[in-house]
Amino acid sequence: MDSSPDSPVAQSAQAAPEKAYLPGQPRSLEGIAIRSFCLGIALALSVVTMVLTLVYTSSPLWRLPFFIGALSTFHFLEFWTTAKYNTPVANIGSFLLTANWPAYAIAHMAASFECFFTKLLFPNRSWAPLYSGHILLLLGFIMVFAGQFVRSAAMIQAGQSFNHTVQHRKKDSHNLVTTGLYSLMRHPAYFGFFYWGIGTQMVLGNPFCFAAYTVVLWQFFSKRIRHEEALLIRFFGDDYINYKRRVGTLIPFVGH
């Protein structure tokens, strides 16, 4: 039976959506759909290009589409894990596509240009010392996949206790997570991104960006963890101090 136009059911169905979900707003469904579609296309094209390059050429330029695919996967998973496990804060910014803009974009552009021009101009030249290129490439792959897994798993485990921005006020949903990955390392999401970022440059074979990424990421997380832990001590007191004493970050010289 059809509902009357004046019935509560019909009025509810015709009600305007919340403003936050409209185009141009922080939680725009249109914006989320477009970004997800573009990331999916970028990943698909990257995989196809990488496979075709490996199968039909001997060019080392397959590394570049791998990097673009890794980036596409990372940004999609940032939104997906937030949307599924920390739904109240999920918005377009959760993709992190414009995080730390424009420095973040410049870093990835520099990495892409270094890989493209060095592999194009010197396709047979190895930049790795003592013929360790294959070992470093394998290590880079491991760091990329393991780093992505650890970061996404840490976000899933923390749930609503994880946020992309440092929180200066403790919310009711904010708990001190010390089990699972968090029993092995403090800030596993930062650990994951740190080694993921360095690993991408090892796969690309970028000696200059490898050094730059290592320094910049270390400085960034060193400052962020110091600032964040001062707040966590204020939130959780002795519980966090004791946790900090027994669990490290596994990022060299950070958080001691």
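If you're wondering where the values come from, they're calculated on a predicted model, not measured in any experiment. Heads up: numbering here begins at 1 and tracks the sequence.
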Taking all heavy atoms of [X] and all of [Y], pick out the closest pair and write down the distance.
X	Y	answer
V89	T82	CG2-CG2, 4.0 Å
R234	H168	NH2-O, 2.5 Å
F67	L204	CB-CD2, 3.6 Å

Suppose we call two aromatic rings close when their centres sit under 6.0 Å apart. Are [X] and [Y] close by that rule?
X	Y	answer
F79	H75	no
F122	F117	no
W196	F74	yes
F236	H174	yes

Please determine whether the number of non-hydrogen atoms from other residues, nucleotides or ligands lying under 6.0 Å from atom [atom1] of [X] exceeds 12.
X	atom1	answer
K84	NZ	no
R246	CZ	yes
F149	CZ	no
L176	CG	yes

Subject >> Contacts of type salt bridge (charged side-chain N to carboxylate O under 4.0 Å, His left out), residue K171, not counting sequence neighbours >> reply: none

Subject >> Set of residues satisfying salt bridge (charged side-chain N to carboxylate O under 4.0 Å, His left out) with respect to E114, sequence neighbours excluded >> reply: none

Whether [X] side chain and [Y] backbone form a donor-acceptor pair below 3.5 Å:
X	Y	answer
R186	E229	no
E228	R226	no
Y85	W80	no

Original post:
Measuring from L54:CG to S59:OG, what's the distance to the nearest 0.5 Å?
Top reply: 9.0 Å

Subject >> Separation of Y243 OH from I233 CD1 (nearest 0.5 Å) >> reply: 12.5 Å

**OP:** Please determine, by modelled atom types, if N206 and Q201 share a side-chain donor-acceptor pair under 3.5 angstrom.
**Re:** yes

Original post:
With sequence neighbours left out, which residue pairs that include part of residues 66-82 fulfil the salt bridge (charged side-chain N to carboxylate O under 4.0 Å, His left out) condition?
Top reply: E78-R151

**OP:** Please determine which of N91, L22, I92 meets the side-chain contact (heavy atoms from CB on, under 4.5 Å) test together with R27.
**Re:** N91

